[in-house]
Amino acid sequence: MSFVTNLKLKTNFNNDIFYCYFETALHKSNYYVVCYSIYNNKQNILITNSLIKLKLKTTEDLKRLSLELISEFLNNCFDIKLNHKLSNPIFIFHNFSYFSSFFILENLGKHDKYLFKFINRENTIYKCNVFLKKDPRFFLTFRDSFLLMQLPLEKFLLLFKITKKFKTFTFDTNLFLNKKNTFNELENTSINNVKLFQEVFDAYKTCISNMFNINLLDNLSLSSLSMDIFRLNFYNKEKYPIEILKGTKEIYVRSSYMGGITDIYKPTLINGYHYDINSLYPYIMMNFDMPVGKGEILTDGNTINLDNFFGFLDVSVIYLSLKKQSDYPCLPVYDPNKGLISPKGIWRGIYFSEELKYAKKQGYIFKIHSGIKFKQGKVFHEFIKVMYEMRLKYKKTPLEGIIKLILNSLYGRFAMQSTDFCTTILDIKDETTLNSLLFFHEIKSIQYLTDKIIVKHNSNPSIEKLNQLKKDNYIDSHTYNLQLSKMNKSNFFNVAIQLASSITSYARIEMHKYKVNQNYNVFYSDTDSLFTDKPLPDSIVSEKDIGKFRLEGKVKEAFFVAPKLYSVLYEDGRKLIKAKGINKGKVDEQDIKDLLFSTK
């Protein structure tokens with residue numbers, strides 16, 4: 001059994017960071033790298049180059065020479081590491097994940113001297129390591145500053161009182177007509193921007209360090225930064241220890257983890273109100289008890305009394321109520337076709353005890369089969385209180401948005417899967433590395449391309465596999481210990497699904513209380529928003545108070561087709577179109593009306 005740990009305070013925040021910048025040109029619907037810069041003022045390093053000396057005559061010239069320029073960039077990165085004897089330099093781009101990485105990965109895929117692996121989740125590349133095939137111990141690390149800021153760099157200039165400006169460069173419509181002086185100007189633009197990139201990010205790193213005693217680059221994203229801030233400054237392990245659930249306990253509780261419910265009660269609203277709750281999840285985290293301590297497994301449901309139980313329960317559910325409040329069922333069920341729904345009927349599921357207690361008051365009947373019991377405590381009160389006050393302090397600055405993300409992302413961090421997968425791209429002939437991965441790692445997927453193999457696997461060797469291989473004498477002690485030495489302990493996440501599940505359960509309870517109020521009718525509800533025909537009481541409405549509703553606008557007309565698919569026209573003329581999964585601008589209010597009123 002293990003628990004979430006406190007983060008130890010670090011005094012050395014030094015990183016060898018090299019700021020990188022690609023200038024690209026758009027030609028025939030494709031982007032090409034035409035200039036790069038690498039900068040580190042502490043090491044007195046500035047390297048830049050472009051296609052200034054190269055003759056461009058055809059698109060094929062541009063494609064080939066652009067790839068050669070990226071190869072030169074990579075060679076310079078390796079030279080920096082070698083010549084300055086750096087153990088783990090970080091080469092950082094702003095928007096590496098969604099832009100710059102594509103050029104680098106395309107180039108790497110055309111060479112057999114490199115191996116590379118990257119950490120990616122949900123189509124986001126958090127880190128990319130590039131290895132020399134002849135010596136895999138020699139590698140580069142590429143990172144993305146955008147994932148730690150979530151805003152363009154320009155937004156931070158005023159905050160940090162930087163008077164310089166980022167420059168933009170526009171090529172001649174016909175790229176091949178650009179002259180030497182054009183590329184001189186291009187290189188000057190690139191140098192200006194990469195230097196300003198360092199100035200802004202260094203100021204941001206210092207700001208985060210001063211506020212939280214955290215080294216920003218110890219984290220890959222704002223959600224991991226949020227976790228570190230909590231563990232270092234607010235987590236009281238002695239008073240409220242948080243168990244990291246594993247095995248059957250983790251599977252059991254994860255079955256109870258569901259998000260917010262989106263419901264349409266009436267499809268057309270004329271002359272109404274649109275409200276959002278100020279920071280619903282942080283409000284729940286600050287004010288409600290969370291499951292703490294060691295989870296105790298109880299296998300005999302007959303011995304469990306719901307009224308004095310705190311934890312998670314496997315129950316059979318009966319809900320056939322004909323009362324008025326049955327128009328708004330509260331207990332969720334995941335339907336593979338419809339998503340999260342709140343049905344009537346009979347079913348079985350695992351739920352957080354406090355949601356069951358609330359449902360019982362709404363007329364639900366339960367038979368308890370088993371449970372996992374926890375102690376309870378307000379784990380996050382001080383964290384949320386301090387962070388929310390900080391958010392108000394930095395209102396209307398870039399830091400307000402960052403602190404908001406830190407506030408809202410911590411709960412989701414506890415819900416992460418404890419297995420950390422990464423992706424390795426191999427040459428089709430590299431059977432040695434492939435066999436090593438298959439032998440020692442948990443494999444999620446393998447994809448064979450013409451000349452490459454893409455393997456998604458656990459970044460750490462599998463302890464279970466290693467133990468079995470050693471037991472069966474397939475590997476000796478030396479190999480066993482060698483693989484163990486490759487274990488990256490930081491990949492054992494401080495996750496606790498019981499916290500995430502209880503937070504979303506409390507949030508559903510909180511929203512349901514407002515749905516069944518008899519003083520107004522609810523037309524549409526989302527995770528943290530309501531559309532009503534009458535105003536909410538003043539006592540629960542505030543522009544800034546956490547947990548209270550904020551009036552988004554008075555509605556002239558709104559049309560609700562499906563969850564996350566609706567249009568709103570406000571009395572002040574503003575329009576809102578929600579169409580989840582569809583590119584912005586592809587759906588307008590008339591499309592929504594046509595879908596709603598179509599007789600086809």
Side-chain angles (χ1 to χ4, degrees), residues 17-41 43-81 83 89-111 114 125 128 130 140 142-146 152-154 157 164-201:
I17 309 169
F18 294 85
Y19 295 84
C20 304
Y21 187 85
F22 281 167
E23 186 67 59
T24 60
L26 180 63
H27 178 67
K28 293 185 177 180
S29 301
N30 289 313
Y31 282 97
Y32 298 92
V33 174
V34 293
C35 181
Y36 72 83
S37 294
I38 307 171
Y39 181 60
N40 180 305
N41 63 344
Q43 300 277 358
N44 197 28
I45 291 175
L46 174 61
I47 302 171
T48 191
N49 199 7
S50 68
L51 302 185
I52 186 171
K53 300 173 184 176
L54 306 174
K55 295 182 179 180
L56 300 176
K57 295 182 179 180
T58 67
T59 299
E60 285 303 310
D61 286 342
L62 177 61
K63 185 176 182 179
R64 174 177 54 83
L65 294 172
S66 178
L67 285 172
E68 289 180 6
L69 196 66
I70 298 170
S71 293
E72 180 188 295
F73 164 79
L74 289 169
N75 289 335
N76 277 322
C77 291
F78 274 109
D79 287 344
I80 287 171
K81 173 165 182 162
N83 295 337
I90 296 172
F91 294 87
I92 192 166
F93 287 85
H94 199 66
N95 205 9
F96 175 78
S97 180
Y98 303 113
F99 191 71
S100 305
S101 61
F102 300 138
F103 303 108
I104 291 175
L105 293 175
E106 179 187 17
N107 182 278
L108 293 173
K110 297 181 183 299
H111 294 279
Y114 299 117
I125 298 176
C128 178
V130 181
L140 303 175
F142 290 98
R143 293 276 303 274
D144 188 346
S145 60
F146 180 80
L153 293 167
E154 291 85 349
L157 294 176
K164 301 171 189 173
K165 301 293 182 183
F166 286 95
K167 295 181 179 179
T168 56
F169 186 88
T170 305
F171 282 94
D172 190 286
T173 305
N174 185 341
L175 184 63
F176 305 114
L177 295 179
N178 288 280
K179 305 299 182 184
K180 181 176 179 179
N181 61 339
T182 301
F183 283 95
N184 280 328
E185 183 184 346
L186 169 65
E187 290 185 3
N188 290 333
T189 299
S190 179
I191 290 170
N192 173 82
N193 292 347
V194 78
K195 287 184 174 181
L196 198 47
F197 175 19
Q198 168 155 6
E199 188 172 354
V200 170
F201 193 71

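All of these numbers come straight from a predicted model, not from anything done at the bench.
Counting heavy atoms from C-beta outward, Leu186 and Leu51 have side chains that stay 4.5 Å or more apart. Using a 4.5 Å cut-off on side-chain heavy atoms (C-beta onward), Asp144 and Ile125 make no contact. Within the 4.5 Å cutoff, the side chain of Arg143 has no heavy atoms near those of the Phe96 side chain. Within the 4.5 Å cutoff, no side-chain heavy atoms of Val33 are placed close to those of Phe73. Residues Cys128 and Leu105 have side chains in contact (heavy-atom distance under 4.5 Å, counting atoms from C-beta outward).
Counting only N and O atoms by type, the side chains of Glu187 and Thr48 include no donor and acceptor under 3.5 Å apart.
A pairwise comparison of heavy atoms in Ala25 and Val34 identifies CB-CG1, 3.9 Å as the closest pair. Residue Leu157 comes nearest to Lys164 through the heavy atom pair CD1-O, 3.6 Å, listed as atom of the first residue, atom of the second, then distance. Of all non-hydrogen atoms in Phe197 and Ile92, the two that sit nearest each other are CE2-O, 3.4 Å. Shortest non-hydrogen contact noted between Tyr32 and His27 is CE1-O, 3.7 Å.
Applying side chain to side chain contact (heavy atoms under 4.5 Å, CB included) to His94 and the options Phe99, Phe146, Tyr21 leaves one that passes, Phe146.
The aromatic rings of Phe142 and Phe93 sit tilted, their planes meeting at an angle between 30° and 60°. Between Phe103 and Phe22, the ring-plane angle classifies as perpendicular under the 30° and 60° cut-offs.
Annotation: the span from Ser145 atom OG to Phe201 atom CZ amounts to 5.5 Å, rounded to 0.5 Å. Here the CG atom belonging to Asn76 is positioned 4.0 Å from the OH atom belonging to Tyr36, to the nearest 0.5 angstrom. Expressed to the nearest 0.5 Å, how far CG of Leu65 lies from CD1 of Ile70 amounts to 11.5 Å. Between Tyr39 atom OH and Asn44 atom CG the span is 8.0 Å, to the nearest 0.5 Å. Atom SG of Cys20 is separated from atom CD1 of Ile47 by 9.5 Å, given to the nearest 0.5 angstrom. The structure places CD1 of Ile104 at 9.5 Å from CG of Leu140, a figure rounded to the nearest 0.5 Å.
Salt-bridge annotation for Glu199 and Lys195: absent, with no side-chain N of the basic residue lying under 4.0 Å from a carboxylate O of the acidic one.
Enclosure of atom OH in Tyr31 is not indicated, since only 12 or fewer non-hydrogen atoms of other residues, nucleotides or ligands lie within 6.0 angstrom.
Without hydrogens or angle criteria, Asn193 side chain to Lys167 main chain gives a donor-acceptor distance under 3.5 Å.
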